[in-house]
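Sequence lines set the chain letters: A, B, ... in the order given, protein chains first and strands last, and positions in each chain run from 1.
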Amino acid sequence: MNNAGTSGGPVIVAKDLRKRYDDIQAVDGVSFEVYRGEVFGMLGPNGAGKTTTVEILEGMRDPDSGVALIDGIDVTREPMRVKKIIGVQLQANAFFDRLTLSELLKLFGTLYGHSVSSQDLLDRVDLGERGKSQFKTLSGGQKQRFSIAAALVNEPAVMFLDEPSSGLDPQARRNMWELIKGLQADGTTVMLTTHYMEEAEELCDRVAIVDSGRIVALDTPLALVDGLLETGFRNERPTREATLEDVFISMTGRALRDE
Amino acid sequence: MRIALSLTVASLKMYFRNRQAIFFSLFIPFLIMVIFGLLDFDRFSGADVGIVDQAQNEASAAIILQLTDRTDELVDVELGSLGKETERITDGEIDAMFVIPAGFAEPGGPVTVSATTDERSPQRAALAVALLDQILGDLERQAASTPDVTDSSVTKGPAKFGTISLSTLEGDDRSYTAFLVPGIVAMSIMQLGIFGVVFALVQYRQQGVLRRLKAAPVNPAQFLFAQISTRLSISVFQTLILLLVGMILFDLAVGDGDVVSWLLVIALALFGGILFVTMGLAISGVARTEEVAAPVTNLVSMPMMFLSGVFFPLDALPGVVTIVTQFLPLTFLADAMRAVVTDGSGITDIWGELAGLAAWSAIVFAAATRLFRWE
């Protein structure tokens, strides 16, 4: 179904990546591996170096040093080969004006050398009815979902999602989560960045916490929480069985509002 | 190649769905053409007259003196032989030719000045003839009011100082609109190339469309090829539309109306298109936001618009200025377009302009490859 190879090794390898912009060391020796079928999260405050790391792996930006491999292919040496087998959703998504969603998907299919059924792709992201709409007329959640559809035109082995749910309301965010779980169920490896902790807990098999261009922790969400508790950390707020978001969802429902 | 082709098709779709862009690239030149065509600047300039003086007598000297006296007004007079002046009027260098026959106004001699006017510049020619008529009238009155008392042959003096026998010379269309329309077409090719490309790219860059394309397996050459081929298609389309408008509104003839002339027009639309699209790509490398793009594109295109002989002939400019302006990219394109459309020139007649365009394309291409950036 997708481009995933048959090897059992890591599908994403980052080895001591470094990137400097003028006087800021954006990425300062980042190393990790992501395994096939995993959802891997990169957490961190703004400016921690998440996006730069992802852009290096996507072949959008050359690192100053270090090695980035996707499915065994060196990203710096063969960026075109890598771009062909990955799906990319950028933080700020933009598509040509004056083309319909169907036309955009067909165009992107050609860019990747795939002939695609735009209807199938739109159905996959709940935009089946909007094939004749233009991107700029979509709501925030719909734009994010469409950019995932555009990232799926080449049936990628690895999907990079840069802050996929930022700016979305709780309903749209939950819808996005279902979509990402669907990608994983289809066998796609997903690497995402976020600064929503509940999103990381909900979706990610493992997370890396990044600060000032370095990975400060890397494990499963559960193990990271357990580790913190072992240090004697106690939450000062009383733990409750529900959160304010649960209240919000129970009162406003799960149905998407952006249609 | 498939990638470049599908990007081209997509850009063309985007262009033709962009009513505003079509409005600006077609309607504005159309409007300029109509306004300037109706104004007809030609009317305001003086007439050039060639005089062939075969009489070489007092009467002819008086006429020439009167005509040259009015040089500061509306005529520019030059004397020459019949052969030379005939050639000049045929070439459209002068608007009227007056031949004063031998023995003019002498007893028994002819009293008719023959005036040949160029139908291609009817207003200026008519002005010159009217002036001649006035002068002949003045001289006649003068002769009548100052009878020569010492000369008994006063009754033998010229009963009539002169009349004018008119004839018109037909030739290629030399009207102002025939001059203007090919210039406007050339200017539109420039505007489309520079403005179209710069603003499309600035917009793509600011929206992040270029970044999204960079994430896809598309190399810059494919994207740039698509940009250029899209604009060239539009350039040809626009050129043909504007020429058709000129044909309908101003009775313009494209060359001799043959296929070769039309093919040359299309070739020039492509050749000029390449030059100015590449210039747009170079500018878009420097002007990265809309705020900068607007003044920079105007800075580049405005001088060419007014100094490349689009609206008025270059020889109307001071000589020192034309040393520079004759080498402007738009001058080459406008001159070549005018030669093909108005004079029906073939490719061998415009090789100089083509060489100029090629040289500029090489310069601009080198600049574009250094200046263009994805982000």
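Taking every heavy atom of both residues into account, B:Ala216 and A:Leu111 meet most closely at CB-CD1, 4.4 Å. Shown here for B:Arg2 and A:Thr110, the closest heavy-atom pair between the two residues is NH2-CG2, 3.7 Å. The two residues A:Ala94 and B:Gly208 make their nearest non-hydrogen contact at CB-C, 3.7 Å. In plain terms, the two heavy atoms of B:Ala215 and A:Tyr112 that are nearest each other are O-OH, 3.8 Å.
Only the side chain of B:Gln203 comes within contact range of chain A, with heavy atoms under 4.5 Å apart. For a residue to count as touching a neighbouring chain, one of its non-hydrogen atoms must lie under 4.5 Å from one of that chain's; by this rule B:Leu213 touches chain A with the side chain only. Contact annotation for A:Phe160: neither backbone nor side-chain heavy atoms come within less than 4.5 Å of a heavy atom of chain B. For B:Tyr15, no part sits under 4.5 Å from any heavy atom of chain A, backbone or side chain. Both the backbone and the side chain of A:Leu99 come within less than 4.5 Å of a heavy atom of chain B.
Here A:Phe135 contributes atom CZ and B:Gln207 contributes atom CD; the two are 10.0 Å apart, rounded to the nearest 0.5 Å. One finds the CD atom of A:Gln134 at 7.5 Å from the CZ atom of B:Arg17 (value rounded to the nearest 0.5 Å).
Residues B:Val218 and A:Lys83 are not in side-chain contact: their nearest non-hydrogen atoms beyond the backbone lie 4.5 Å or more apart. Within the 4.5 Å cutoff, no side-chain heavy atoms of A:Asp97 are placed close to those of B:Met14.
Within 6.0 Å of atom CZ in B:Phe225, 12 or fewer heavy atoms from other residues, nucleotides or ligands are found, so the atom counts as exposed in its surroundings. Residue B:Phe199 places its CZ atom among more than 12 non-hydrogen atoms of other residues, nucleotides or ligands, all under 6.0 Å distant.
Residues of residues 44-62 of chain A lying under 4.5 angstrom from chain B, judged on non-hydrogen atoms, are A:Glu55, A:Met60, A:Arg61 in numerical order.
The most heavy-atom pairs under 4.5 Å with chain A, out of B:Ile3, B:Asn18, B:Asn219, B:Leu210, come from B:Asn18.
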